[in-house]
There are 2 protein chains.
Amino acid sequence: MDHDLLVTLKALSDASRLRIVGLLAARPAAVEELAENLALAPGTVVHHLKRLSAAGLVESRPRRPYVEYALKVDRLHQVGRMLDQMERGSEQEAHLPGPSGEPLPAFEAKVLRSFFEGGRLVSIPAHEKKRLVVLEYLRDRCFSEDQVYAEKQVNECLALYHADVASLRRYMVDAGLMTRNAGKYRRPTLSVPMPG
Amino acid sequence: MDHDLLVTLKALSDASRLRIVGLLAARPAAVEELAENLALAPGTVVHHLKRLSAAGLVESRPRRPYVEYALKVDRLHQVGRMLDQMERGSEQEAHLPGPSGEPLPAFEAKVLRSFFEGGRLVSIPAHEKKRLVVLEYLRDRCFSEDQVYAEKQVNECLALYHADVASLRRYMVDAGLMTRNAGKYRRPTLSVPMPG
DNA sequence: GCGGTGATTTGACAGTCATCAAATCAGGAA
DNA sequence: TTCCTGATTTGATGACTGTCAAATCACCGC
């Protein structure tokens, strides 16, 4: 979620891409059309469109013999709203809501309240049971299922909550909350820790 | 205006700076405080704060013995609104409104209508009188007085309207609409072209 | 099947920039 | 004045990325 915002802002923070968004705001267009308007090579335009697409700002559809790229205005509005609410973000995080607002079990709520302050993790719990609560909470806030994360991305989101991202990463992997394969991280498909 | 949006988006499109914004959203803070939370060197934090400041997102105030940096929420909201309205941007430009909405003299209005299409300059007028109308219009939309622009910035804004930015730049300078000094561009302070 | 057109991918290059360590500055206290 | 603390500047380095030209792909009509 937070990570997506970053991706989207990065996508919008380039002159050429902003111009593309401006052009697509008027009407959908093909790659070559954009390339001509922007005085850029088609390959470059494709590169930009891919970034905008990864940010959910643009969608493509075959329109033989062209490919029609169109702006997804909803996403733009979403980003606008996110920025508007960013100032509230930290206050809300101070409430430490559960994944979908439902109340947390008492123990977990207590642990989270005592280890978080102003939306940030003040220290990593030494007791394994408490640590697990914190780690699981962070994992849910940072990573979605069925997505692969580079170590850099993992660090980026964890850093939102605590400076020592290396420890958090290691603990998560050790606890089986995240799996690491060839430098890539992901949530385990079905992690029911079975003893024996 | 458009240029400021780019600067601001660039400022927001970095993980560290987003985290800074998040921290400052909770409460104002000093450089070292931020540096510790982010696990970054103080110098690096200052660098980021300078960028955020240039984007108008942050302001600083001496708070001996510290320097207090605070978020300017208004600016954040402004950006959010700009993104919301970006989709309307091109439509509005299609109307080619004057600098502050007042009606343009008939001749200028006619020239602009015939040389612009969908908010873009379709070709540079060959006739000097018409060209001047177009150039002046573009200058007003791109550059404010009392500000110095690098050539790159000049190109960025002009490119929003026409691919051949080099010609536009040259014509503007030749016509005295912009002055160039040591690679830097600016609007002439008082440009009353006096013959002789 | 074969060309042709438009889209995409690839490899290389250049410019930008985040980051750090270390040097420097600024102002209060001793 | 001379320290001390915190902020800022500087220079260097490494990573990222926007850009292009050229190669490749995908699909259509012949």
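Here is the naming used below: chain letters follow the sequence lines, and residue numbers restart at 1 for every chain. Values reported hereafter were calculated over all heavy atoms of this structure, with side chains retained and with hydrogens, waters and symmetry mates removed.
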To the nearest angstrom, how far is [X] atom [atom1] from [N] atom [atom2]?
X: A:Leu6; N: D:dT17; atom1: CG; atom2: P; value: 11 Å
X: A:Leu12; N: D:dT17; atom1: CG; atom2: P; value: 15 Å
X: B:Glu68; N: D:dA7; atom1: CD; atom2: C1'; value: 15 Å
X: A:Ile20; N: C:dA7; atom1: CD1; atom2: P; value: 13 Å
X: A:Arg61; N: D:dA26; atom1: CZ; atom2: C1'; value: 19 Å
X: A:Leu40; N: C:dT8; atom1: CG; atom2: P; value: 15 Å
X: B:Glu33; N: D:dA7; atom1: CD; atom2: C1'; value: 14 Å
X: B:Leu52; N: C:dA18; atom1: CG; atom2: P; value: 10 Å

Under 4.0 Å, counting only non-hydrogen atoms across every strand here, what does [X] touch: a base, just sugar-phosphate, or nothing?
X: B:Arg51; result: sugar-phosphate
X: B:Val46; result: base
X: B:His48; result: sugar-phosphate
X: A:Arg63; result: nothing

_Working to the nearest 0.5 angstrom, can you tell me the gap between B:Leu12 CG and B:Leu76 CG?_
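It is 6.5 Å, given to the nearest 0.5 Å.
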
*Nucleotide nearest A:Tyr69 when distance is taken to its side chain, options C:dA7, C:dT8, D:dA7*: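 When the side chain of A:Tyr69 is considered, C:dT8 is the closest of C:dA7, C:dT8, D:dA7.
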
*Looking only at side-chain atoms of A:His47, point me to the closest of C:dT8, D:dG6, D:dT19.*
D:dT19

*Which heavy atom in A:Ser13 sits nearest to a heavy atom in B:Leu6, and how many Å separate them?*
C-CD2, 3.9 Å

*Non-hydrogen atoms of B:Gly56 and B:Lys72 that approach each other most closely*: O-CD, 3.5 Å

_OP1 or OP2 of C:dT16 under 4.0 Å from side-chain N/O of B:Lys10_ =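 It does not, given that no N or O in the side chain of B:Lys10 lies less than 4.0 Å from OP1 or OP2 of C:dT16.
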
*For B:Arg81 and B:Gln78, does a side-chain donor sit closer than 3.5 Å to a side-chain acceptor?*
no

*Position toward the 5' end of DNA chain D (nearest nucleotide), A:Asp14 or B:Gly43*: B:Gly43

*By nearest nucleotide on DNA chain C, pick out whichever of A:Tyr66 and A:Thr44 is the more 5' one.*
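The residue whose closest nucleotide sits nearer the 5' end is A:Tyr66.
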
*Verify the cluster assignment for A:Leu23 and B:Met82: are they in a single hydrophobic cluster under the rule of side-chain heavy atoms below 4.5 Å apart?*
yes

